[in-house]
Engineer: 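Before anything else, here's the structure in question.
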Amino acid sequence: MMKIDKAPVPLIVPNPDDPRLTQSVTGTDQTGARVEIKVPMERPLTLYLNAQEIVTMMTIGDYPEYLALGYLLNQNMLKYNDVVTEVEYDDDLQVVVVRTSHHTNFEAKLKKRTQTSGCAQGTAFGDLLEAVESVALPKAELRTSWLYQMTQTINTMPSLYLEAGAIHGCVLCKEGTPLCYTEDVGRHNAVDKIAGWMYRHGVDASDKILYTTGRLTSEMVIKTVRMGIPILVSRSGFTAWGVDLARQVGLTLVGRTRGKRFIVLAGEERIVYDQNLAYVEEESAKHKRKGEGGDD
């Protein structure tokens, strides 16, 4: 059980050694030899808002409280000025309950939802576009020196992806320093955990950068804007609607960030080119991650 009150801000980083997050399985490789590998766990987590069942999510199972809060915030079912009185997680039942001081009823909204491009069956509800149209993002900047420092740090950190694959990561950064690094089977879960972490600890979004290993889709743009973060970066590529939305709302959108390379398709005015590329190394082969051969 977690009470919602003031608390120290913890640094969140992946823990690939956590035995709850992976399972060892045996199989055969291309030569017919027996092999044993680790694969990520995938567990159902049912979310209730007060007495109403909202959704069952497939997740690796870490940080269920952050995931629940972030999901509700990013789906516009919870406002940032709402009073959350309690978040209760039952590991045996795989249920998390978020309780608020005010009555909630989203029966009509739950009937109007769209399956998104996110893996693990992401969903978005019909009023999200209206919710982001009125958001005014802060006038932050992204120095290229921060961008290269950030991507180099993230690519060389221990992670569940490097341990077991089949996983997405999202990282909240300030300048070039990671503050909160979450992973999950779907990038929408990973970003929701960051949203919940920020809400739980009152983290200011105005000077932050959100990094993701996944595609820059409309869903990722909407969630980033909902969180009030002005800059979204990915090592992967873009979708047309993601770019259109980013341009409409003034979000800086940076993709295909690998080694010295990156492409900016929205919010270019925030970029400060202060890094001499002669001093930037290309990405080491041993740290290559999802998105190398394409834009997945």
Side-chain angles (χ1 to χ4, degrees), residues 1-7 10 12 18 20-21 40-116 118-132 167-168 170 172 180 182-203 219-220 222-228:
M1 184 179 298
M2 181 182 71
K3 292 287 186 179
I4 301 300
D5 51 17
K6 292 183 179 180
I12 300 290
D18 188 338
R20 300 171 301 167
L21 305 184
M41 296 295 293
E42 193 175 8
R43 301 181 177 90
L45 177 67
T46 301
L47 168 61
Y48 284 82
L49 178 57
N50 295 313
Q52 185 174 29
E53 182 178 339
I54 300 298
V55 70
T56 296
M57 301 173 280
M58 299 307 297
T59 173
I60 60 175
D62 64 345
Y63 304 113
E65 296 92 346
Y66 293 151
L67 176 56
L69 288 169
Y71 180 90
L72 294 173
L73 289 163
N74 282 336
Q75 296 294 347
N76 203 28
M77 294 181 175
L78 188 66
K79 305 293 191 297
Y80 280 89
N81 59 354
D82 286 342
V83 177
V84 175
T85 58
E86 188 175 63
V87 179
E88 184 177 1
Y89 170 64
D90 190 307
D91 187 58
D92 292 331
L93 297 177
Q94 294 293 289
V95 167
V96 60
V97 182
V98 177
R99 296 187 175 90
T100 64
S101 62
H102 63 284
H103 174 71
T104 57
N105 186 346
F106 291 103
E107 183 176 354
K109 182 171 182 173
L110 289 170
K111 293 178 181 178
K112 186 181 179 182
R113 58 185 174 185
T114 302
Q115 183 173 314
T116 72
C119 48
Q121 302 297 309
T123 56
F125 296 93
D127 62 350
L128 283 185
L129 288 178
E130 298 175 7
V132 302
I167 209 85
H168 275 289
C170 287
L172 186 72
C180 181
T182 64
E183 294 180 299
D184 214 303
V185 288
R187 59 183 175 270
H188 52 90
N189 284 351
V191 73
D192 285 347
K193 290 176 187 177
I194 289 179
W197 177 85
M198 293 175 67
Y199 174 83
R200 170 75 172 90
H201 302 288
V203 176
E219 177 191 26
M220 286 301 299
I222 290 171
K223 290 193 174 190
T224 305
V225 174
R226 282 281 303 157
M227 295 160 68

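Given the structure is predicted, the values throughout are model-derived calculations rather than measurements. Keep in mind that the numbers below use all heavy atoms, side chains included, and drop hydrogens, waters and symmetry copies.
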Engineer: Tyr66 and side-chain hydrogen bond (donor to acceptor under 3.5 Å, both in side chains): which partner among His201, Arg200, Lys193?
Structural biologist: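 Testing Tyr66 for a side-chain hydrogen bond (donor to acceptor under 3.5 Å, both in side chains) against His201, Arg200, Lys193 leaves exactly one candidate, His201.
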Engineer: My understanding is that only residues two or more places apart in sequence, or in another chain, count here; which of them pass side-chain hydrogen bond (donor to acceptor under 3.5 Å, both in side chains) with Asp91?
Structural biologist: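 Here the qualifying residues are Tyr89, Gln94.
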Engineer: Heavy atoms only: give me the nearest Asn74-Met227 pair and the separation to one decimal.
Structural biologist: OD1-CG, 3.5 Å
Engineer: Is the side chain of Thr85 donor-acceptor paired with the backbone N or O of Ser101 at a distance under 3.5 Å, no angle test?
Structural biologist: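 Checked: no pair found.
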Engineer: List the atom of Met58, the atom of Asp184, and the distance in Å for their closest heavy-atom pair.
Structural biologist: O-OD1, 4.1 Å
Engineer: Rounded at 0.5 Å granularity, tell me how far CG in Leu47 sits from CD in Gln52.
Structural biologist: 10.0 Å
Engineer: Taking all heavy atoms of His168 and all of Ala190, pick out the closest pair and write down the distance.
Structural biologist: O-CB, 4.3 Å
Engineer: Search all heavy atoms of Gly196 against all heavy atoms of Leu69 and return the closest pair with its distance.
Structural biologist: CA-CB, 4.0 Å
Engineer: With heavy-atom distances below 4.5 Å as the criterion, would you say the side chains of Val185 and Ile167 are in contact?
Structural biologist: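 The answer is yes, as the side chains (C-beta and beyond) meet within the 4.5 Å cut-off.
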Engineer: Please check if the side chain of Asp192 supplies one atom and the backbone of Leu67 the other of a donor-acceptor pair under 3.5 Å.
Structural biologist: no
Engineer: Report the distance from atom CG of Leu49 to atom OG1 of Thr104, rounding to the nearest 0.5 Å.
Structural biologist: 3.5 Å
Engineer: Please tell me if the side chains of Pro44 and Thr46 come closer than 4.5 Å, counting only heavy atoms from C-beta onward.
Structural biologist: no
Engineer: Residues in side-chain contact (heavy atoms from CB on, under 4.5 Å) with His103, at least two apart?
Structural biologist: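 Asn105.
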Engineer: To the nearest 0.5 angstrom, please state how far the CD atom of Glu88 sits from the CZ atom of Arg99.
Structural biologist: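 Spacing of CD (Glu88) from CZ (Arg99) equals 5.0 Å.
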Engineer: I'd like to check the salt bridge (charged side-chain N to carboxylate O under 4.0 Å, His left out) partners of Arg20; sequence neighbours left out, ordered by chain and number.
Structural biologist: Asp18
Engineer: Do you know which two heavy atoms are closest between Cys170 and Arg187, and how far apart they sit?
Structural biologist: SG-O, 3.9 Å
Engineer: Backbone N or O of Ile60 within a donor-acceptor pair of the Arg43 side chain at under 3.5 Å?
Structural biologist: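 Checked: pair present.
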Engineer: For the backbone of Leu73 and the side chain of Arg226, can you confirm whether one donor and one acceptor N or O come within less than 3.5 Å of each other?
Structural biologist: yes
Engineer: Name the residue from Asp82, Asn76, Asn81 that meets the side chain to side chain contact (heavy atoms under 4.5 Å, CB included) definition with Leu78.
Structural biologist: Asp82
Engineer: Just by modelled atom types, is the Asp92 backbone N or O under 3.5 Å from a matching donor or acceptor in the Asp90 side chain?
Structural biologist: yes
Engineer: Would you check if Thr182 and Trp197 make a side-chain contact, meaning some heavy-atom pair closer than 4.5 Å?
Structural biologist: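 No, too far: nothing below the 4.5 Å cut-off.
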Engineer: Looking at every non-hydrogen atom in both residues, tell me the closest pair between Tyr71 and Met57 and how far apart they are.
Structural biologist: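 Answer, listing the atom of Tyr71 first, then Met57: CD1-SD, 3.9 Å.
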